[in-house]
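Here is how names work: the chains are called A, B, and so on, in the same order as the sequence lines, proteins then strands, and each is numbered from 1. Quick note: numbers below take in every heavy atom, side chains included, and nothing from hydrogens, waters or symmetry partners. No experiment lies behind these values; they were computed from the predicted model shown.
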2 protein chains.
Amino acid sequence: MQEHEHDRCEEQCIHSEVVESVRTQMLGTVPSEELAQLFKVLGDNTRIRILDALYLSELCVCDITALLGMNQSAVSHQLRVLRDARIVKSRKQGKNVLYSLDDEHISGLVRMGSEHVRELKR
Amino acid sequence: MQEHEHDRCEEQCIHSEVVESVRTQMLGTVPSEELAQLFKVLGDNTRIRILDALYLSELCVCDITALLGMNQSAVSHQLRVLRDARIVKSRKQGKNVLYSLDDEHISGLVRMGSEHVRELKR
DNA sequence: TTTATATATGAACAATTATTCATATAATAA
DNA sequence: TTATTATATGAATAATTGTTCATATATAAA
C-alpha cells in the first residue's frame with residue numbers, strides 16, 4: 001500500500017500544498033476579528049443610513065433623528081455603536097452634539113460597497 | 001411673535017436647510033438596505049476567514065474546513081450565506097465543490113477594511 | 001432658582017443568527 | 001449493487017442585537 005505524499009488532517013480530501021500555503025498567508029486571529037467587527041458595525045440599515053447622511057454633512061442628533069424618521073433613543077444607541085467603533089466622531093456645540101465621519105476609509109468602504117451592489121443589479 | 005423661516009418636524013432643534021439638502025441626496029430605501037445586507041454578510045469572523053482564504057486561492061469545502069479548524073456543517077452553512085449574497089461562486093469537480101471569490105469588489109472591500117483596522121491601531 | 005430642550009443610557013423584549021447534530025444527496029470506488 | 005467520501009441542509013439551541021420605554025445628565029433660557 002502506497003504512502004500519501006501529503007500530510008493528513010481529519011479530512012481526507014485535503015489539497016495539502018495549497019492549504020499549507022494559504023495557512024501561512026492568512027490574517028491572524030486578531031486582525032480577522034477586528035475586520036469582521038468593522039463590517040458588523042456597518043451591517044445594519046439604520047447605521048448605514050446614518051453614515052450616508054453624515055457623508056453628506058455634519059449633523060446633530062435630532063437632525064439625524066428627523067432624517068431617519070425614528071426614535072431619538074434608537075438613534076443615540078446606534079451613534080454610540082458607531083462612536084465606539086471609531087467610525088464617527090462627535091463634538092459638542094451648545095446643547096447639541098454634532099456628528100461626522102471619523103475618517104476617509106469609511107466613505108471609501110461605503111462607496112465601494114455601493115458599487116458592488118450596483119453591479120449585482122445589472 | 002416671528003414666524004420661523006423653516007418647516008418643522010417633531011423635533012425643535014432641526015437645522016432645516018442642511019437636513020432638506022441631505023434628505024434629497026441620501027440613498028433610497030432599497031440601495032441602503034442592500035448595502036447594509038452586504039456588510040452584514042461580511043460582518044462575521046467565520047465568513048471573513050473564509051473570504052481571506054479564498055482571496056489567496058480557490059479551495060474546496062474540506063480545505064476550508066481544515067484551514068478554519070471547524071465543523072464541516074458550519075462551513076457549508078456559511079458558504080451558503082456567501083453564495084446567496086453572490087460574494088463567492090462555486091464549481092463542481094468530481095466529488096469536490098471548489099469555491100472562489102465572485103468579484104473583485106469583495107477583495108477591494110476586504111483590503112480597504114484591513115487598512116482602516118490597521119490605521120486604528122496607530 | 002425652575003423649566004425646557006438635547007442627548008445618553010440601563011433594562012427588557014423581540015428578532016435574528018451562528019453553530020451543532022442528525023441526516024440527506026451526490027459522486028466515486030469496490 | 002454496496003460502501004465511502006464530500007457536501008448540503010432542516011431543526012434545535014444558544015447567543016447576539018436592535019428597538020422601545022423610562023429615566024438620567026447636561027446645557028441653555030426664563
Looking only at side chains, do B:Q25 and B:S21 share a donor and an acceptor under 3.5 Å apart?
yes
Check the interface with nucleotides 19-26 of chain C: list each N/O to N/O pair with the protein under 3.5 Å, or write none.
unit_1	atom_1	unit_2	atom_2	d
C:dT19	OP1	B:T46	OG1	2.8
C:dT19	OP2	B:Q78	NE2	2.8
C:dT20	O4	B:H77	NE2	3.2
C:dC21	N4	B:S73	OG	2.5

What's the CG-C1' distance between A:L82 and C:dA8, to the nearest Å?
15 Å
Between C1' on C:dT17 and CD on B:Q37, what's the gap in Å once rounded to a whole number?
12 Å
B:Y99 side chain near D:dA8 phosphate (N/O to OP1/OP2, under 4.0 Å)
yes
What is the distance, rounded to the nearest whole Å, between atom CG of B:L79 and atom P of D:dT7?
10 Å
Under 3.5 Å donor-acceptor, A:N96 side chain and A:C60 backbone:
no
Over how many whole Å does the gap from B:K40 atom NZ to C:dT16 atom P extend?
9 Å
Is it true that a side-chain atom of A:R49 and a backbone atom of A:L68 form a donor plus acceptor pair closer than 3.5 Å?
yes
Whole-Å gap separating P (C:dA18) and CG (B:L68)
14 Å
Distance, rounded to the nearest Å, where B:N45 contributes CG and C:dT17 contributes P
17 Å
Looking only at heavy atoms, what is the nearest atom pair of B:M26 and A:A53, with distance?
SD-CB, 4.0 Å
B:R83 has an atom CZ; how far is it from atom P of D:dT7, in whole Å?
12 Å
Near DNA chain C, counting only heavy atoms under 4.0 Å, which residues of residues 49-61 of chain A show up?
A:C60, A:V61
Where is the tightest heavy-atom contact between A:S90 and A:Y99, given as atom of each residue plus distance?
CB-CE2, 3.6 Å
Between the side chain of A:S107 and the main-chain N/O of A:E104, is any donor-acceptor distance below 3.5 Å?
yes
Heavy-atom nearest nucleotide on DNA chain D taken for B:S90 and for A:Q93; more 5' hit belongs to B:S90
Minimum-distance pair of heavy atoms, taken over all atoms of B:V41 and B:R47
O-NE, 2.6 Å
Exercise: identify the closest heavy-atom pair between B:L27 and A:D52
N-OD2, 2.6 Å
Using atom CD of B:E33 as one end and atom C1' of C:dT16 as the other, report the distance to the nearest whole Å.
15 Å
When you measure from the side-chain N and O atoms of A:N96 to the phosphate of C:dT7, is any distance below 4.0 Å, counting only OP1 and OP2?
yes
Verify the contact: side-chain N or O of A:R47 to OP1 or OP2 of D:dG18, cut-off strictly under 4.0 Å; return yes or no.
yes
Least distance between heavy atoms, B:I87 atom then B:L42 atom
CD1-CD2, 4.0 Å
